[in-house]
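Here's the structure, in structure tokens; my notes come after.
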Amino acid sequence: QVQVAESGGGSVQAGGSLTLSCTPSSSADSSGGMGWFRQAPGKKREGVAAIDNNGRIVYEDSVKGRFTISKDNAKNTLYLQMNSLKPEDTATYYCGTPICVTAIQCLRVMTESHINWGQGTQVTVSS
């Protein structure tokens, strides 16, 4: 069952920017936290960023300083602003609503889970 809808992916050149959006469905439980993870073909799932219900944020090391996660509570929409994109950022990006308390837990749960909350959005960065 699709619980979130991701959008905003695309193809950009290295150094470019994209902003991803995620809107949970009415049946999704985002009371714990929300976040982004990605998966490239042949590679393991990788947590990218997460925000918990207290607004605490955590990033995966390789995106620190380049990506910004934010949530608009009024719109119940999660965003991922991605700047200075690199070819190694190429992947399908997914949004998740894991059951978690802290942002670090949220990131870990998404990384270790087999759940795909949504269908993902493709990000392709060319050199």
Side-chain angles (χ1 to χ4, degrees):
Q1 181 181 2
V2 175
Q3 299 184 43
V4 300
E6 304 103 333
S7 63
S11 297
V12 297
Q13 290 190 327
S17 299
L18 286 171
T19 300
L20 308 184
S21 299
C22 168
T23 303
S25 69
S26 57
S27 62
D29 180 6
S30 59
S31 61
M34 296 183 70
W36 295 92
F37 61 97
R38 63 189 179 186
Q39 189 160 24
K43 294 189 177 181
K44 293 171 59 176
R45 175 181 296 203
E46 179 180 52
V48 174
I51 181 169
D52 64 28
N53 211 30
N54 290 310
R56 292 171 293 198
I57 291 172
V58 65
Y59 295 98
E60 191 271 328
D61 285 346
S62 70
V63 308
K64 286 180 180 177
R66 300 188 297 122
F67 291 11
T68 302
I69 188 172
S70 62
K71 185 179 179 185
D72 185 329
N73 290 319
K75 296 181 179 179
N76 197 28
T77 299
L78 185 73
Y79 300 97
L80 185 68
Q81 172 68 44
M82 305 186 295
N83 297 325
S84 302
L85 282 162
K86 304 176 180 180
E88 50 264 43
D89 294 318
T90 295
T92 301
Y93 283 70
Y94 299 88
C95 170
T97 57
I99 298 173
C100 52
V101 176
T102 68
I104 293 177
Q105 290 177 349
C106 298
L107 196 68
R108 184 176 69 244
V109 169
M110 288 190 299
T111 302
E112 297 175 355
S113 173
H114 295 289
I115 299 173
N116 280 349
W117 288 265
Q119 296 183 336
T121 186
Q122 177 67 36
V123 172
T124 303
V125 185
S126 58
S127 57

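Between the side chain of D52 and the main chain of N54, a donor-acceptor pair closer than 3.5 Å is present. Although no hydrogens or angles enter the test, the distance criterion places no donor-acceptor pair under 3.5 Å between the side chain of T90 and the main chain of T124. Looking only at distances, a side-chain donor or acceptor of Y59 sits under 3.5 Å from a matching main-chain atom of I69. At distances below 3.5 Å, not a single donor-acceptor pair connects side-chain atoms of E6 with backbone N or O atoms of T121.
Heavy-atom minimum distance, A14 versus S127: CB-CA, 4.3 Å. The shortest non-hydrogen separation linking L107 to W36 is CD1-O, 4.4 Å. Between M110 and P98 the shortest heavy-atom distance is CG-CG, 3.7 Å. Residues M34 and C22 come closest through the heavy atom pair CE-SG, 4.0 Å.
Sorted by first and then second residue, the pairs that involve residues 89-105 and meet salt bridge (charged side-chain N to carboxylate O under 4.0 Å, His left out), not counting sequence neighbours, are R38-D89, R66-D89. Evaluation of the disulfide bond (SG atoms under 2.5 Å apart) test over residues 98-127, restricted to residues two or more places apart or in two chains, returns C100-C106.
Scanning for side chain to side chain donor-acceptor pair (under 3.5 Å) contacts around T19 gives Q81, with sequence neighbours left out.
The side chain to side chain contact (heavy atoms under 4.5 Å, CB included) test with C95 singles out one residue from L80, L78, V48, and that residue is L78.
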